[in-house]
Amino acid sequence: MKRIVIFASGSGSNAENLIKFFHNSDSATVIQVLTNNPHAKVLDRCKQLKVSALSFNRIALSKSEDVLNILRTSKPDLIVLAGFLWKFPELILKEFTNKVINIHPALLPNYGGKGMYGMHVHEAVVKNKETETGITIHYVNENYDEGAVIFQAKCDVLPTDSADDVAKKIHLLEMEHFPLIVDKLLK
Ligand code: GAR
């Protein structure tokens with residue numbers, strides 16, 4: 001059985017979708033969720049879904065080996081950043097080379113980089129009158145949103161779409177594709 005560890009910072013709808021998808025899998029399972037936010041909704045979702053979850057602070061993640069040691073113990077085959085908003089530390093990337101992926105709610109390299117997350121992305125897309133946007137699943141490297149692209153899916157942006165409308169379309173793309181891509185990577 002392949003082992004997945006998820007990092008999330010907020011609501012955790014992608015984390016929940018991945019957990020549920022792999023509940024029905026005989027090849028992979030989500031063994032743990034880690035969050036930087038002790039108040040994140042993702043922790044409630046994990047409780048409901050009976051998945052182990054822990055929160056940590058910046059010292060544990062980047063200034064010590066505490067989170068790295070958790071990962072050394074849980075031995076993930078894949079680390080999935082699903083709405084994780086802190087920079088992912090090099091000390092973990094070094095030890096889990098090509099085993100860390102992220103989902104981004106835009107067509108990278110557009111609308112990536114520091115500060116470009118969640119609704120900020122969709123607001124910028126609408127403001128710039130883009131006619132399409134989408135999702136990018138990519139490997140994580142030491143720079144925000146710059147690792148090799150694994151998968152992209154697109155959707156139209158209509159002139160009448162609000163940022164909320166775009167967010168709904170992106171959410172649907174994420175729910176549809178993310179588990180399938182994770183599954184494919186692990187096979
Ligand atoms: C998702 O749309 C994900 O693509 C985005 O945050 C949302 C998290 O939602 N990630 C980024 O913006 C990363 N730069 P969720 O907590 O409900 O899964």
Side-chain angles (χ1 to χ4, degrees), residues 1-56 61 67 70-86 88 92-93 96 98-108 116-122 133-140 145 147-155 163-187:
M1 202 67 158
K2 295 284 173 67
R3 302 160 69 79
I4 301 164
V5 169
I6 296 175
F7 281 70
S9 298
S11 168
S13 68
N14 279 284
E16 175 165 350
N17 189 41
L18 289 164
I19 291 165
K20 286 181 171 163
F21 179 93
F22 287 104
H23 265 161
N24 301 318
S25 162
D26 48 18
S27 60
T29 183
V30 176
I31 52 163
Q32 189 171 52
V33 174
L34 299 173
T35 181
N36 58 303
N37 176 2
H39 308 294
K41 189 170 166 195
V42 71
L43 290 172
D44 300 327
R45 296 189 196 256
C46 289
K47 202 169 164 191
Q48 289 282 325
L49 294 161
K50 299 187 172 44
V51 171
S52 166
L54 291 172
S55 68
F56 55 80
L61 182 69
V67 172
I70 289 171
L71 295 168
R72 282 173 177 147
T73 303
S74 55
K75 294 189 176 48
D77 297 287
L78 196 66
I79 296 171
V80 177
L81 311 189
F84 183 63
L85 301 183
W86 284 2
F88 205 70
I92 300 181
L93 289 173
F96 289 87
N98 291 326
K99 285 189 176 175
V100 186
I101 67 166
N102 178 47
I103 189 161
H104 187 78
L107 297 171
L108 291 175
M116 272 295 160
Y117 61 89
M119 284 307 289
H120 298 290
V121 175
H122 312 315
T133 186
I135 60 168
T136 303
I137 297 167
H138 63 95
Y139 286 104
V140 174
D145 302 327
V149 170
I150 300 163
F151 174 85
Q152 291 188 310
K154 291 180 184 176
C155 60
D164 276 332
D165 295 328
V166 174
K168 282 180 193 138
K169 293 180 184 181
I170 292 298
H171 180 75
L172 290 177
L173 287 179
E174 293 188 335
M175 294 298 112
E176 179 184 351
H177 295 288
F178 203 16
L180 298 174
I181 299 300
V182 170
D183 196 33
K184 222 175 179 177
L185 283 173
L186 285 167
K187 278 182 174 157

Donor-acceptor list for residues 12-22 side chains, cut-off 3.5 Å, not counting sequence neighbours:
{"from": "N14", "atom 1": "ND2", "to": "E174", "atom 2": "OE1", "distance (Å)": "2.9"}
{"from": "E16", "atom 1": "OE1", "to": "R45", "atom 2": "NH1", "distance (Å)": "2.7"}
{"from": "E16", "atom 1": "OE2", "to": "K20", "atom 2": "NZ", "distance (Å)": "2.5"}
{"from": "N17", "atom 1": "ND2", "to": "M175", "atom 2": "O", "distance (Å)": "3.0"}

Atom pair CG/CD1 of L81 and I137 - distance to nearest 0.5 Å: 12.0 Å
- line: Heavy-atom nearest pair, A167 first then M119, reads CB-SD, 3.8 Å
task: Report the C-alpha separation of I6 and V51 in whole Å, then their side-chain angles, then the decisive distance to 0.1 Å, and conclude whether the side-chain contact (heavy atoms from CB on, under 4.5 Å) test is met.
output: CA-CA 11 Å; I6 296 175; V51 171; over 6 Å; no
message: Please identify which of these residues, L78, I31, V80, D77, meets the side-chain contact (heavy atoms from CB on, under 4.5 Å) condition with V5.
response: I31
task: Report the C-alpha separation of H23 and V30 in whole Å, then their side-chain angles, then the decisive distance to 0.1 Å, and conclude whether the side-chain contact (heavy atoms from CB on, under 4.5 Å) test is met.
output: CA-CA 8 Å; H23 265 161; V30 176; over 6 Å; no
- request: Working to the nearest 0.5 Å, report the span between NZ of K99 and NZ of K75.
  value: 11.0 Å
- prompt: Which distance, rounded to the nearest 0.5 Å, do you find between the CD1 of I135 and the CD1 of I103?
  reply: 4.5 Å
- request: Could you note down all residue pairs passing ring-ring contact (aromatic ring centres under 6.0 Å, His included) where residues 166-187 supplies at least one of them, sequence neighbours left out?
  value: F151-H177
Below 3.5 Å, can you tabulate the donor-acceptor pairs from side chains in residues 34-41 to any protein atom, sequence neighbours excluded?
{"from": "T35", "atom 1": "OG1", "to": "A8", "atom 2": "O", "distance (Å)": "2.8"}
{"from": "T35", "atom 1": "OG1", "to": "N37", "atom 2": "N", "distance (Å)": "3.0"}
{"from": "N36", "atom 1": "OD1", "to": "S9", "atom 2": "OG", "distance (Å)": "2.7"}
{"from": "N37", "atom 1": "OD1", "to": "H39", "atom 2": "N", "distance (Å)": "2.8"}
{"from": "N37", "atom 1": "OD1", "to": "A40", "atom 2": "N", "distance (Å)": "3.4"}
{"from": "N37", "atom 1": "ND2", "to": "S9", "atom 2": "O", "distance (Å)": "3.2"}

Nearest-0.5 Å distance that lies between atom CG in L186 and atom CD1 in I181: 11.5 Å
query: Can you find a pair of side-chain heavy atoms, one from T133 and one from K169, that are under 4.5 Å apart?
result: no
task: For the pair F56 and F84, name the ring-plane relationship: parallel under 30°, tilted 30 to 60°, perpendicular over 60°.
output: tilted
query: Where do I170 and G134 come nearest, in terms of heavy atoms and distance?
result: CD1-O, 3.2 Å
Heavy atoms of other groups near Y117 OH, more than 12 under 6.0 Å: no
statement: When every non-hydrogen atom of M116 is compared with those of H120, the smallest separation belongs to SD-O, 4.3 Å
- prompt: In chain order, what residues pass the side chain to side chain contact (heavy atoms under 4.5 Å, CB included) check against T73, with sequence neighbours excluded?
  reply: none
K187: partners by side chain to side chain contact (heavy atoms under 4.5 Å, CB included), with sequence neighbours left out: S27, D183
query: Do the non-hydrogen side-chain atoms of V140 and F96 ever get within less than 4.5 Å of each other?
result: no
message: Treating Q152 as the side-chain partner and L108 as the backbone partner, does any N or O pair qualify as donor plus acceptor under 3.5 Å?
response: yes
message: Quick one, L61 with I92, criterion side-chain contact (heavy atoms from CB on, under 4.5 Å). Give me CA distance, side-chain angles, the key distance, then yes/no.
response: CA-CA 9 Å; L61 182 69; I92 300 181; 4.0 Å; yes
Gap between atom CG of D164 and atom NE2 of H122 - 0.5 Å precision: 9.0 Å
field: Sequence neighbours excluded - salt bridge (Lys or Arg N to Asp or Glu O under 4.0 Å) pairs with any residue from residues 21-32
entry: none
message: Please find the pair of heavy atoms, one from L107 and one from A153, that lie closest to each other, and give the distance.
response: CD2-O, 3.7 Å
query: What distance separates I4 CD1 from T29 OG1, expressed to the nearest 0.5 Å?
result: 7.0 Å
- request: Take I150 and K184 through the test side-chain contact (heavy atoms from CB on, under 4.5 Å) and record every step on the way to the result.
  value: CA-CA 11 Å; I150 300 163; K184 222 175 179 177; over 6 Å; no
